[in-house]
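First listed ligand is number 1; within each ligand, the first listed atom is number 1. One-based numbering along the sequence shown.
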Amino acid sequence: MEDKVYIIGAGVSGLIAAYELEQYGYHPIVIEKSSEVGGRVKTLQENGFVLDVGFQVLLSAYPLAQKYLDMEKLNLRKLASGALIYSNGQAYRIGDPLRNWNILFPTLLSDIGSIYDKLKILQLNLSLKNKSLKDIFSSNEKTTYDYLVDFGFSTKIINRFFKPFFSGIFLEPDLNTSSRMFEFVYKMFGEGHATIPQLGIGEISKQLKGKLKHTEFVYNTEVTEMTNDFITLGSGEKKSHQGVIIASNTPSLINQEEVKWKSCMCIYFEVDQTNIPQETIALIADTEKFANNLYAYRDHSTNKTILSVTSLEIQNHTDQEIIDHVTREVKHYTGASTIKYIKHYRINKALPDRKNLKMTVTEKENRLSENIFIAGDSLLNGSLNAAMESGRNAAIQLINYKKKSLEISQ
Ligand SMILES: Cc1cc2nc3c(=O)[nH]c(=O)nc-3n(C[C@H](O)[C@H](O)[C@H](O)COP(=O)(O)OP(=O)(O)OC[C@H]3O[C@@H](n4cnc5c(N)ncnc54)[C@H](O)[C@@H]3O)c2cc1C
């Protein structure tokens, strides 16, 4: 294909856009500001440990993960279902309400929720099982907190289960995130597993890059301006183009309003022992704590036990203050006596903070000019599935437009 088509950004959305363009004969050029692919889906090697830049999971039920990823080759670690909840000085192991509502809080029922909550869980599971993703994303939106209250859940189960669990996923403590996202994530958890590749989440980006045969990558290069016909680079160089997909989540490039972002900090510790069973997510339900969710796993290369801790309380605190608080909390809750700090990552732009969450968009919504289309999770919702869908959708729209203009010119 003669047309010079560019993709700005080598995150998951940009890589999927490149893959789709290749399927139609294009040889796209990806311009990436950093030195590698992956964007927010990266794993780094630190002192021999393999650490994800932010704790995140791939939900195996994501329809587009099934379409684009070779799950077997990712060598996925399945997280244990259910969670360990620390509340009021106790640790409760709860079952997985999505897979088996009956095993939710089997023993210490009254400490997490009531019998009535159990029935509500069953009702929620059934209603979401029968609700399509399309229907979820066209439902009325409210905050997840209001959704749970309106659904009839007790304050106790909201505070002790839903808040810590979904705060860790939404990266905000108050469940202000759209109920569409809650329904989507809850359904995906119920229909598959939370997984992480054995060698880290960055394997996803590596695999997607490995599927590209005719894509050129230009690294360490920032795009600073864009018009329908030209791309301007940080160096001032201008490149003419016949099509661009902006997959960088930077609407400011085209003078549109900046996206708002949710932030978090992920801190890694090596510990001698922990009361968190391997591959299990632990949640701190007590209020005013710095650590929100903890995940214990065995590091593949060193065989040591690692604790990944996500903190949402990061505004107005220095990195060191957060690390100190979290270290004390890890000591208090997890039973570890030797806690060795390894590394932390503060991620200021972790998840887009937007309303009117979408599953996909029409051409009207992601086409900026004749030749420019937008991708990126911030267009739809903050998830790997959305990043993939946005890249797929932008590429198909660009391809269709090119086909039409070719037909007209013949
Ligand atoms: C801590 C954390 C936890 C998460 N948890 C989950 C989870 O559990 N499950 C889930 O499904 N999703 C999760 N996500 C969300 C998921 O990672 C994102 O939805 C997805 O990675 C977004 O991909 P993207 O391609 O849209 O954007 P990005 O990954 O942000 O990629 C954009 C790329 O564009 C580049 N770029 C930016 N500006 C320019 C420019 N001007 N010129 C050139 N290049 C540029 C950037 O360097 C970057 O590589 C999480 C994210 C974080 C950070």
**Request:** Identify which of E36, M188, Q56 has a heavy atom lying nearest to atom 17 (O) of ligand 1.
**Result:** Q56
**Request:** Can you pull out the closest protein heavy atom to atom 8 (O) of ligand 1? Residue, atom name and distance to 0.1 Å, please.
**Result:** V57 N, 2.9 Å
**Residue pair M226, L368: steps toward the side chain to side chain contact (heavy atoms under 4.5 Å, CB included) verdict** = CA-CA 11 Å; M226 175 97 58; L368 285 173; over 6 Å; no
**Fill in**
I8 heavy atoms within 4.0 Å reach ligand 1 at atoms 42 (N), 43 (C)
**Under 4.0 Å to a heavy atom of I31 - the qualifying atoms of ligand 1, by number** = 43 (C), 44 (N)
**Item:** Sub-3.5 Å N/O-N/O distance, S34 and ligand 1
**Value:** no
**Request:** Considering only NZ, NE, NH1 and NH2 on the basic side and carboxylate oxygens on the acidic side, decide whether E141 and K355 come within less than 4.0 Å.
**Result:** no
**Message:** Which label fits Y86 and Y333: parallel for a plane angle under 30°, tilted from 30 to 60°, or perpendicular past 60°?
**Reply:** tilted
**Request:** Take the angle between the ring planes of F166 and Y186 and call it parallel below 30°, perpendicular above 60°, tilted in between.
**Result:** parallel
**Closest approach of any protein heavy atom to atom 1 (C) of ligand 1, naming residue and atom** = C264 SG, 3.7 Å
**Request:** Would you mind listing which atoms of ligand 1 come within a distance below 4.0 Å of any non-hydrogen atom of V41?
**Result:** 17 (O), 21 (O)
**Message:** Check E183 with R180, please: is the shortest side-chain N to carboxylate O separation under 4.0 Å?
**Reply:** no
**Item:** Closest candidate by heavy atom, reference atom 2 (C) of ligand 1, pool L171, I231, V53
**Value:** L171
**Request:** Within a distance under 4.0 Å of any heavy atom of G376, pick out the atoms of ligand 1 and give their elements.
**Result:** 26 (O)
**Asked** Would F151 and F182 count as a close aromatic pair, with their ring centres under 6.0 Å?
**Response** no
**Fill in**
of all protein heavy atoms, closest to atom 41 (N) of ligand 1 is V223 O, 3.0 Å
**Asked** Judging by distance only, is a nitrogen or oxygen of K349 under 3.5 angstrom from one on ligand 1?
**Response** no
**Request:** Do me a favour and list the nearest non-hydrogen protein atom to atom 45 (C) of ligand 1 with residue, atom name and distance?
**Result:** K33 CB, 3.6 Å
**Asked** Which heavy atom of the protein is the closest neighbour of atom 31 (O) of ligand 1, given with residue, atom name and distance?
**Response** G11 CA, 3.5 Å
**Request:** Name the orientation class of the two ring planes belonging to H27 and H214 (parallel below 30°, tilted from 30 to 60°, perpendicular beyond 60°).
**Result:** parallel
**Prompt:** Below 4.0 Å from any atom of ligand 1, is there a heavy atom belonging to T221?
**Reply:** yes
**Request:** Using the side-chain contact (heavy atoms from CB on, under 4.5 Å) rule, pick out the option among I8, V5, L21, V30 that qualifies with I245.
**Result:** L21
**Request:** Among all protein heavy atoms, pick the one closest to atom 47 (O) of ligand 1 and tell me residue, atom and distance.
**Result:** E32 OE2, 2.6 Å
**Prompt:** With atoms numbered from 1 as shown, which atoms in ligand 1 lie under 4.0 angstrom from a non-hydrogen atom of G39?
**Reply:** 29 (O), 31 (O), 48 (C), 49 (O)
**Heavy-atom side-chain contact between P352 and W261 under 4.5 Å** = yes
**Message:** Less than 6.0 angstrom separating the ring centers of F153 and F162, yes or no?
**Reply:** yes
**Asked** For ligand 1, which part of Y62 has a heavy atom less than 4.0 Å away: the side chain, the backbone, both, or neither?
**Response** side chain
**Prompt:** Under 3.5 Å, N or O to N or O, is A350 touching ligand 1 that way?
**Reply:** no
**Message:** Checking the N or O distance criterion of under 3.5 Å, is ligand 1 in contact with V12?
**Reply:** yes
**Asked** With under 30° as parallel and over 60° as perpendicular, where do the rings of Y219 and F217 fit, or are they tilted in between?
**Response** parallel
**Asked** Under a 4.0 Å heavy-atom limit, does A375 contact ligand 1 with its side chain, its backbone, both, or neither?
**Response** neither
**Prompt:** Which of the atoms of ligand 1 are close to N249, meaning less than 4.0 Å from one of its heavy atoms?
**Reply:** 24 (P), 26 (O), 27 (O), 28 (P), 30 (O)
**Prompt:** Among protein heavy atoms, which sits nearest to atom 38 (N) of ligand 1, and what does the distance come to when rounded to 0.1 Å?
**Reply:** S248 CB, 3.5 Å
**Request:** Run the salt-bridge test on K213 and E22 with the 4.0 Å N-O cut-off and return the result as yes or no.
**Result:** no
**Prompt:** Does R40 pair with D377 as a salt bridge, N-O distance under 4.0 Å?
**Reply:** yes
**Request:** Could you tell me if the ring centre of H317 sits under 6.0 Å from that of F290?
**Result:** yes
**Message:** Below 3.5 Å, N or O to N or O, backbone or side chain included: is there any such pair between L384 and ligand 1?
**Reply:** yes
**Request:** Starting from atom 23 (O) of ligand 1, locate the nearest protein heavy atom and write down its residue, its atom name and how far away it is, to 0.1 Å.
**Result:** A387 CB, 3.6 Å
